[in-house]
Protein chains: 4
Amino acid sequence: MIKKIGVLTSGGDSPGMNAAIRAVARVGALEGLEVYGIYNGYKGMVDGDIELLTRDHLSDVLDRGGTFLGSARLPEFKEIEVRKKAVEQLQKHGIEAVVVIGGDGSYRGAAALTKMGINCIAIPGTIDNDITSTDSTIGFDTALNTVVDAVDKLRDTSNSHHRCSVVEVMGNRCGDLALFSGIACGAEIIVTAQTGFDEIEVLDALKEFDISKKKKHAIVIISEKITDVESFARKVSQFTGFSGRATVLGHVQRGGSPTPNDRVLASRMGEKAVDLLLQGIGGQCVGIQKGEVVGVPIEEALNIPRVSRKDLKNLFDRLV
Amino acid sequence: MIKKIGVLTSGGDSPGMNAAIRAVARVGALEGLEVYGIYNGYKGMVDGDIELLTRDHLSDVLDRGGTFLGSARLPEFKEIEVRKKAVEQLQKHGIEAVVVIGGDGSYRGAAALTKMGINCIAIPGTIDNDITSTDSTIGFDTALNTVVDAVDKLRDTSNSHHRCSVVEVMGNRCGDLALFSGIACGAEIIVTAQTGFDEIEVLDALKEFDISKKKKHAIVIISEKITDVESFARKVSQFTGFSGRATVLGHVQRGGSPTPNDRVLASRMGEKAVDLLLQGIGGQCVGIQKGEVVGVPIEEALNIPRVSRKDLKNLFDRLV
Amino acid sequence: MIKKIGVLTSGGDSPGMNAAIRAVARVGALEGLEVYGIYNGYKGMVDGDIELLTRDHLSDVLDRGGTFLGSARLPEFKEIEVRKKAVEQLQKHGIEAVVVIGGDGSYRGAAALTKMGINCIAIPGTIDNDITSTDSTIGFDTALNTVVDAVDKLRDTSNSHHRCSVVEVMGNRCGDLALFSGIACGAEIIVTAQTGFDEIEVLDALKEFDISKKKKHAIVIISEKITDVESFARKVSQFTGFSGRATVLGHVQRGGSPTPNDRVLASRMGEKAVDLLLQGIGGQCVGIQKGEVVGVPIEEALNIPRVSRKDLKNLFDRLV
Amino acid sequence: MIKKIGVLTSGGDSPGMNAAIRAVARVGALEGLEVYGIYNGYKGMVDGDIELLTRDHLSDVLDRGGTFLGSARLPEFKEIEVRKKAVEQLQKHGIEAVVVIGGDGSYRGAAALTKMGINCIAIPGTIDNDITSTDSTIGFDTALNTVVDAVDKLRDTSNSHHRCSVVEVMGNRCGDLALFSGIACGAEIIVTAQTGFDEIEVLDALKEFDISKKKKHAIVIISEKITDVESFARKVSQFTGFSGRATVLGHVQRGGSPTPNDRVLASRMGEKAVDLLLQGIGGQCVGIQKGEVVGVPIEEALNIPRVSRKDLKNLFDRLV
């Protein structure tokens, strides 16, 4: 049986990563493993920036955003030479298996390492909810709370000024942050990669909210990288009765103390990852599907199509 | 097809009830229904305290805790004579069907009314998560956030004083609030109706946390109605190295702006309830099961056994 | 003695305005006055958009951001003809005196109306803390909390990525939001109209934080309208070891449930305004100076120089 | 000039203590001092539980509640023998002066040590705002926010049920938490050591709120140690039209991330304490008076009478 495992966080950080690291370390220790923290993602793996995790590392991290292990992107990890160095470093420390917490970019690295003899299990840590092998990623719920909190505040002030707030939220490929926050905040319009964006159509809809529906304010939530929200807000002022104001929520969405949901989800996923490694399994990623925590082969996971949100988009439309 | 429906909230209030009322009213209106608010639960039904809901009632309620319709308990509603009066009042207003938002006490009333010719759909609104026909009730997520927020604060101060915080949370029959918050907060011990309570055993465990594990503080989370937490905290001071302090979170857990999760869940459930009524269906309750919003006959729903939380309890134990 | 007074909110809204309106209305009613709400600032005064305030208007507004009376800017109010129309409308309603809640733009209107025979008292409602006749404006404390909450979140994620967060906060003429949040968040650098901005110097300081002081992240807080934070963040990435990311907090800072401080301050100021009017005084503005709520003639107030923040800036420098 | 100073936290902890420790350590280090952390208050001083503070101790503490130095009460510190031991320990470490952060109990210790040759400066760290030599203590603003947040939640649910919430808050000798939160939350009644408590009178007032004023709910805020709120709530149910519910907020009020106000106040006070020590001054306590941070001889400070809150109590009465 394995004796030493590593854990790292990779890609953009997300609230709850610390809770996942803690679960890996605590459950691992209970099962007799030595658990090593690998700093700054795959970069620290290559550089040998590796340290045994003790109880001291783990106290007071559960409720902290970010990742105390640090995170970094290392595009060169695609190169076999770089990965070989990483494997050498792991072997030097006697680390036989690794838990990788991050977005789907990190998944490929985990799959590649597994093929090179280091069993890896990936855990979905990203606020974008854009990993199709899990119903929910670690950090999505916290980011959603941050967005809704901000939009609730914008509504206070929009309401006072007959204003249209145009809010850019994270999540490009996956519009979940926009869609869920749109329903939760009672937004008037949402625009995501899934809905598409027809500027004229949105402006016309806003005119109608102003004139026919006599709304005192309007909220438009738009996923990032779809349009320039500053310039769109100017058009709102120009072509509708509302005064348009843009807000780009930005990196604030990545921070904050994780919600209970994210802490519990991260804990469950960290536990599952260790259990899979203990069974000698590698090359899988952990997901939550219909309430169950499951392991899915990474290659398979990366090809699962995105779930349709037609029902929720339809609900959004019926509530406006 | 039906033309007029009513909506009421019953039993203890929970955050998200307003979002559910709004969804019922908005979706109903879109489908051509007149939607009436019935004030103060079944009591208002009997008294004829009923009013057509307009857009004005619904603006600015989505993010508000409580229920703007008010809620009340009416034990006499079990009596046929009382229910007959209620039906008369509904008929006077031309109300053909009703959406009831509340705990399982309210479900029985909804089933009984359906038998008397008024199709009713029940929606689970309670912070206790104690309704077995749904994976999650409206308000549970918000209450969980409130509990975790409070316990995070207690940990700050327990940590500074080598203290053991004994925290009583709501949820008697169902220990979910204690269990989920225990995992989310990194509590040392949880006590629920499901775990049982052996005082000596808990005190011994605390001694071990103090002496062998050298913990600087400890958190014990206990479901309500299991023991007197004040007197238990005194015993902690007496028999362990920790200074015990009791906190009863109480009704604060019922309030607060609903989380995004609760707002979305309430909106989905409100939509489903109207859709069922439009199909001529009554006597069902709405639930979310494995991510799907479903309708379940109330009689059947009340007999579904509670789901086991062994996995989560086991996770809790592995993380301490 | 006067019998009828009006109250309006003008300029940008700020959290706590509702609490001030409520205090004016409640204290006024207790003193036997009829208190009228004037909607959308001076615009509603000119248009006669005026309504008697009842208890119903005032329940549940104390903890709400924004202003339920709405706010608008009306530059034309500088013109005597426009002001004459406003006075006519007030006379039509029998309104003898007005409380104006807003920024210093609104103060001039209040002074002008007073000269035309309508006693006006101004209350400082703005998040910018840029009114020199008061130590604190209504909304500043709430905005400061919002900024600090956001920067705390940014630090989580900056910390994980060796990043420099460049944060634009509101307040142009007055750098208090930047200065106070900089101290409260442990920012590395603050830039305000008072400190000035030397790009090279700031970049050099960041290099030093990175190299000599080995900081894992850096926070730069900049008042609005000083520089383009997006382009500055790019320079941070280019010229220092940090990866620079810009965040423009924007209108979120204007919203949110007012803090206890702002609610109490607003209540005290609303009370004072009514008391001044009852004494037959007009043309004054209310301020809090060294803990005392005082009335100051508006003409005088507008010429008070800004208080120096050298002590606090010095403290900031000593803490970095 | 002095070379080595110590810093400790004593008595009940309060949010912002960490910010004060950080300011002492940072400003001290900048001025060339070695700053030592003394753990667990005077107890650690006697036991020699003392450690040099480095940058590592201070990163990430600014936004944390509690005190990372720990706190404890040591009644024996009144005894000269115990204090002598403490002085010996300090001398062993070469510590010439100490900053003591805590309530007025700690002040006496600081005064006594100063007389024994160790210059001490005391900083007011307590949520109760009961130190008369300062307008505000570190932690009061955060506790006030916690109370108001909780009462806002209780109002949601009280509102839904025609309920009277009876809320016990901290602060016995000093009713500021009750008074300020009462104004901020729009409570119906407040009871403090300063107002006194006449049960019949309060019940009569509640009856009037119910019957004459037709209030849908009522909030009563009571300082701790004045009456048994559980039993009083039962009387409310018995003798008025409201259903009474008691909530004891308890130790939650001591925790939480400090507000910006408390962080800035703590930073200013920590700076002042070091500056006084550098000037060779001891036996003083730091306070904020009318916006100025000042030093006051401890003996004098302990005899300053409590400021009257008649104005604020009067405001409260006018707003109900």
Side-chain angles (χ1 to χ4, degrees), chain C residues 19 22-23 26-27 29-31 55 58-63 135-136 141 144-149 151-152 155-156 159 179-181 183-186 213-216 257-264 266-268 270-272 274 289-293 307 311-312 314-320, chain D residues 19 22-23 26-27 29-31 55 58-63 135-136 141 144-149 151-152 155-156 159 179-181 183-186 213-216 257-264 266-268 270-272 274 289-293 307 311-312 314-320:
Chain C
R22 175 178 174 272
R26 288 265 166 103
V27 173
L30 192 77
E31 299 293 340
R55 282 199 92 83
L58 303 172
S59 68
D60 293 333
V61 304
L62 187 57
D63 64 338
D135 293 345
S136 200
D141 189 56
L144 180 58
N145 273 270
T146 300
V147 170
V148 167
D149 188 52
V151 177
D152 281 353
R155 187 170 34 200
D156 287 342
N159 219 336
L179 177 58
F180 283 76
S181 63
I183 294 172
C185 296
K213 303 195 182 162
K214 299 196 181 307
K215 289 241 176 187
K216 283 164 67 183
S257 179
T259 58
N261 257 340
D262 273 329
R263 299 186 201 178
V264 172
S267 301
R268 294 176 71 183
E271 177 190 43
K272 179 72 176 184
V274 173
Q289 295 178 353
K290 306 191 174 201
E292 239 21 39
V293 177
V307 75
D311 286 358
L312 284 177
N314 192 33
L315 169 60
F316 175 84
D317 291 335
R318 294 174 92 184
L319 289 175
V320 171
Chain D
R22 174 178 174 271
R26 288 265 167 103
V27 173
L30 192 76
E31 300 293 339
R55 281 199 92 83
L58 304 171
S59 68
D60 293 332
V61 304
L62 187 57
D63 64 337
D135 293 344
S136 201
D141 189 56
L144 180 59
N145 272 270
T146 299
V147 170
V148 167
D149 188 52
V151 177
D152 281 352
R155 186 169 34 200
D156 287 343
N159 218 336
L179 176 57
F180 282 76
S181 65
I183 295 173
C185 296
K213 302 194 181 163
K214 298 192 181 312
K215 289 241 177 187
K216 286 163 68 183
S257 178
T259 59
N261 257 341
D262 273 329
R263 299 187 201 177
V264 172
S267 301
R268 294 176 71 184
E271 176 190 45
K272 180 74 178 182
V274 174
Q289 293 178 356
K290 305 190 176 200
E292 257 352 58
V293 177
V307 75
D311 286 358
L312 284 177
N314 193 32
L315 169 60
F316 175 82
D317 291 335
R318 295 174 92 184
L319 289 175
V320 171

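A, B, ... follow the sequence lines: proteins, then strands. Residue 1 opens every chain.
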| query | So which part of D:Asp262 gets closer than 4.5 Å to some heavy atom of chain C, the side chain, the backbone, both or neither? | reply | neither
| said: Please determine whether the number of non-hydrogen atoms from other residues, nucleotides or ligands lying under 6.0 Å from atom CD of C:Gln289 exceeds 12. | reply: yes
| query | Looking at D:Leu315, D:Leu62, D:Val148, D:Val264, which has the largest count of heavy-atom pairs under 4.5 Å with chain C? | reply | D:Leu315
| query | Using a distance-only test with no angle check, is there a side-chain donor-acceptor pair under 3.5 angstrom linking C:Thr259 and C:Asp141? | reply | yes
| query | What part of D:Arg55 lies closer than 4.5 angstrom to a heavy atom of chain C: side chain, backbone, both or neither? | reply | side chain
| Nearest heavy-atom pair of D:Asp156 and D:Asn159: which atoms, and what distance? | O-CB, 3.4 Å
| task | Could you check which of D:Cys185, D:Ala266, D:Ser59 has the highest count of heavy-atom pairs closer than 4.5 Å to chain C? | result | D:Cys185
| Side chains of C:Ser257 and C:Arg263: do they bring a donor and an acceptor to under 3.5 Å? | yes
| message | Counting heavy-atom pairs closer than 4.5 Å to chain C, which one of D:Asp60, D:Asp149, D:Asp152 comes out on top? | response | D:Asp152
| query | Can you find a pair of side-chain heavy atoms, one from D:Glu271 and one from D:Val293, that are under 4.5 Å apart? | reply | no
| field | Residue among D:Val147, D:Ile183, D:Asp135 with most heavy-atom pairs under 4.5 Å to chain C | value | D:Ile183
| query | Where on C:Arg268 is there a heavy atom nearer than 4.5 Å to chain D: the side chain, the backbone, both, or neither? | reply | both
| Residue, of D:Asn145, D:Leu30, D:Leu58, that accumulates the most heavy atom pairs under 4.5 Å with chain C | D:Asn145
| Which atoms of D:Lys216 come close to chain C, meaning under 4.5 Å heavy atom to heavy atom: side chain ones, backbone ones, both, or neither? | neither
| task | Compare all side-chain heavy atoms of C:Val151 with those of C:Ser181 and state whether any distance is below 4.5 angstrom. | result | no
| query | Any donor-acceptor pair under 3.5 Å linking the side chain of D:Arg22 with the backbone of D:Val61? | reply | no
| request: Using non-hydrogen atoms and a 4.5 Å limit, figure out which bit of D:Glu31 sits close to chain C: side chain, backbone, both or neither. | output: side chain
| message | Looking at chain D, which one of C:Ala29, C:Gly186, C:Pro260, C:Gly291 has the largest number of heavy-atom pairs inside 4.5 Å, strictly under? | response | C:Pro260
| query | How long is the span from the CG atom in C:Leu312 to the CZ atom in C:Phe180, to the nearest 0.5 Å? | reply | 5.0 Å
